[in-house]
Asks: 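Structure incoming, see below.
Below, each value reflects all heavy atoms present in this structure, side chains not excepted, and no hydrogens, waters or symmetry copies.
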Amino acid sequence: MKPGLRYLLAFVAAAAIGHVGTIVVAPNAIMHLAMRKLSEDGKLINAFRFSDRTTSASRWVVRPSPDLAYASCVYDLSKGPILVDVPATPGGGYVSVSVFAGNTDNVAAMDSLRSPNGIRFILQKERRLVHPGDGPVIYTPTTRGIILDRRLAPTQAAFEIADKARRSDSCAPL
Amino acid sequence: MPASGSKSVFKLAGIVTLGLVAGVASAYVSMKHFGMGSEERMGWSGSRVTGSSEAGPLLRARVALTGLLALNRSQAIYFTRKVDDLGEPLREGCHYRLSGGPLPGRWWSITAYAADDYLPQNTDDALSVDASEVRPDGAGAWEAEAGPVRNPAMPWLSTRKAGNFDLTLRIYNPSEQAQRDFGTIAFPRVERISCGEPQ
């Protein structure tokens, strides 16, 4: 084989590996970075963290919505399932709770339309025995991931009401 | 190893490294700009698989890069556009009229994002316009304005310090029909009013 052709093939093969490898690795790598940021470098695991009202300075996630009050819990199910409890916002303000696996999949979404009195569930790793407990069980394919509580809060007054309610959020081992 | 063989190995290693860098760069461009599996309607593009486990590898990677932790479609559907109704890029120096009718959900908002996928770096406290700000007429028609300077007659979305920006429309708790078929949604129009001088 001519050296020129050999180098060309090597370049094309390396570019293909770099391209596919980046696309495959990116979701887990970006989620890993997000979990590290939201858990404050691993200090806040299985506990909710409450973000300030979104402003132009907000940098914790790309494309943040300025209309929502966010609370996040980085979960770790390596020691067993956790119980997630998210109370309603007084006055019926919209609340949405999403569970994301470590590969970015949104494995569950619940809201105050279906659960007006608050959202409560057990989060369990797939293929593990269901832990005894009350309420529904949600299964996630990864040991670690993120739970996000979003409450509609387009004004400062609405944000203050939502903020007070979300302070009672919990995501703790059973 | 003879000197010529050693030189050849170094050359090959350099070419492989260049290839890897080119592959990573092309993946980044793909993730940033292509492969969203999106549908475009009236200038707005959105994907019905954002945030779901139905997403393929490229869409998953793109969501991770530009829309991490997005709600799934039963909770919200997202649409983005980078151009006005005439196909011109949205620019900070221009004023745009946003107008539309009822949208198929419990609530909606339109937000501007700068090219880095974050909110514009201004302190105007007008980062979005939403369903509670606009004043629909009897037929549900509403208007708002996006631009670097407030028009006191209209709900305002500030694009000051946004550079070349895009708009994201979020429809929360969309109707099942809207989730299934984006073609049933009467999307807002984005008309350029003027560029350069503030209104």
Asks: Looking at A/S58, A/S65, A/A16, which has the largest count of heavy-atom pairs under 4.5 Å with chain B?
Replies: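 Among A/S58, A/S65, A/A16, the one with the most close pairs to chain B is A/S65.
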Asks: Would you mind checking which part of A/S96 comes under 4.5 Å of any heavy atom in chain B, side chain (CB onward), backbone (N, CA, C, O), both or neither?
Replies: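 Interface part for A/S96: both.
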Asks: Atom CG in A/L68, atom OH in B/Y172: separation rounded to 0.5 Å?
Replies: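 Here the interatomic distance stands at 4.0 Å.
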Asks: Hydrophobic clusters here meaning ILVMFWY residues chained together by side-chain heavy-atom distances under 4.5 Å, can you tell me if B/F79 and B/L127 are in one?
Replies: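 Per the 4.5 Å side-chain linkage, B/F79 and B/L127 are not co-clustered.
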Asks: Identify which part of A/L9 has an atom lying under 4.5 Å from any heavy atom of chain B, answering side chain, backbone, both or neither.
Replies: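 No part of it gets close to chain B.
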Asks: Side chain, backbone, both or neither: which part of A/N28 has a non-hydrogen atom closer than 4.5 Å to chain B?
Replies: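 Neither; nothing under 4.5 Å.
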Asks: Run the numbers on A/R59 and B/D116 for side chain to side chain contact (heavy atoms under 4.5 Å, CB included), then give the verdict.
Replies: CA-CA 11 Å; A/R59 284 287 190 274; B/D116 63 359; 3.8 Å; yes
Asks: Mark yes when over 12 heavy atoms from residues, nucleotides or ligands other than B/R91 sit less than 6.0 Å from its CZ; otherwise mark no.
Replies: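 12 or below, so no.
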Asks: Hydrophobic clustering (ILVMFWY, side-chain heavy atoms < 4.5 Å, transitive) - are A/V95 and A/I161 grouped together?
Replies: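 No, because A/I161 and A/V95 fall into different hydrophobic clusters, even though each may have its own neighbours under 4.5 Å.
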Asks: Treating Ile, Leu, Val, Met, Phe, Trp and Tyr as nodes and any side-chain heavy-atom pair under 4.5 angstrom as an edge, say whether B/L103 and B/M42 lie in one connected cluster.
Replies: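 Linked within one cluster.
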Asks: CZ of B/R160: more than 12 outside heavy atoms within 6.0 angstrom?
Replies: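 Buried by this count: over 12 neighbours within 6.0 Å.
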Asks: Could you measure the distance from the NZ atom of B/K11 to the CZ atom of A/R6? Nearest 0.5 Å is fine.
Replies: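 Nearest 0.5 Å value for the NZ-CZ distance: 9.5 Å.
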Asks: Quick one, B/R106 and A/L113 - any side-chain contact, counting heavy atoms below 4.5 Å?
Replies: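 Touching, per the 4.5 Å side-chain cut-off.
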Asks: List the atom of A/S56, the atom of B/Q121, and the distance in Å for their closest heavy-atom pair.
Replies: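 Answer, listing the atom of A/S56 first, then B/Q121: O-NE2, 2.5 Å.
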Asks: Which residue out of A/R150, A/M31, A/M110 racks up the most heavy-atom pairs below 4.5 Å with chain B?
Replies: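 Of the candidates given, the most pairs with chain B belong to A/R150.
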Asks: Is there a chain of hydrophobic side chains (I, L, V, M, F, W, Y, each step under 4.5 Å between heavy atoms) that links A/Y70 to A/F159?
Replies: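 Unlinked, A/Y70 and A/F159 end up in two clusters.
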Asks: Kindly say whether A/P64 contributes a backbone atom to a donor-acceptor pair with the side chain of B/Y113 at under 3.5 angstrom?
Replies: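 Yes.
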Asks: With a 4.5 angstrom heavy-atom cut-off, could you sort out which part of B/S158 is near chain A: side chain, backbone, both or neither?
Replies: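 Neither part.
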Asks: For A/Q156, is the CD atom crowded, meaning more than 12 foreign heavy atoms sit under 6.0 Å from it?
Replies: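 Yes, enclosed.
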Asks: Which residue out of B/A25, B/A22, B/S26 racks up the most heavy-atom pairs below 4.5 Å with chain A?
Replies: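 Counting heavy-atom pairs under 4.5 Å, the top option is B/S26.
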Asks: If you count heavy-atom pairs under 4.5 Å between each of A/A109, A/A29, A/S98, A/G21 and chain B, which one has the most?
Replies: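 Most heavy-atom pairs under 4.5 Å with chain B: A/A109.
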Asks: Would a single hydrophobic cluster contain both B/V129 and B/W156, if residues Ile, Leu, Val, Met, Phe, Trp and Tyr are joined by side-chain heavy-atom contacts under 4.5 Å?
Replies: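 Unlinked, B/W156 and B/V129 end up in two clusters.
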Asks: Just how far is it from atom CZ of A/R114 to atom OG of B/S74, taken to the nearest 0.5 Å?
Replies: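 That separation rounds to 5.5 Å.
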Asks: What part of B/T111 is in contact with chain A, defined as an atom under 4.5 angstrom from a non-hydrogen atom: side chain, backbone, both or neither?
Replies: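 Looking at B/T111, just its side chain touches chain A.
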Asks: Against chain A, label B/D130 side chain, backbone, both or neither, depending on which of its atoms sit under 4.5 Å from a heavy atom there.
Replies: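 Only the side chain of B/D130 comes within 4.5 Å of chain A.
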Asks: Below 4.5 Å, heavy-atom pairs only: which of A/N103, A/V25, A/D67, A/L148 has the largest tally toward chain B?
Replies: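 The candidate making the most pairs under 4.5 Å is A/D67.
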Asks: Looking at CH2 of B/W107 and CG of A/L152, how far apart are the two atoms once the value is rounded to the nearest 0.5 Å?
Replies: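 Answer for the CH2-CG pair, B/W107 versus A/L152, is 4.5 Å.
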Asks: Any chance you could measure B/L69, atom CG, to A/I147, atom CD1, to the nearest 0.5 Å?
Replies: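 Spacing of CG (B/L69) from CD1 (A/I147) equals 12.0 Å.
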Asks: Measuring only between side-chain heavy atoms, which start at C-beta, is B/V16 closer than 4.5 Å to A/F11?
Replies: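 Counting from C-beta outward, B/V16 and A/F11 never come under 4.5 Å.
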Asks: How close do B/L119 and A/T54 get, heavy atom to heavy atom, and via which atoms?
Replies: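 What the structure gives for the nearest pair is CD1-CG2, 3.5 Å.
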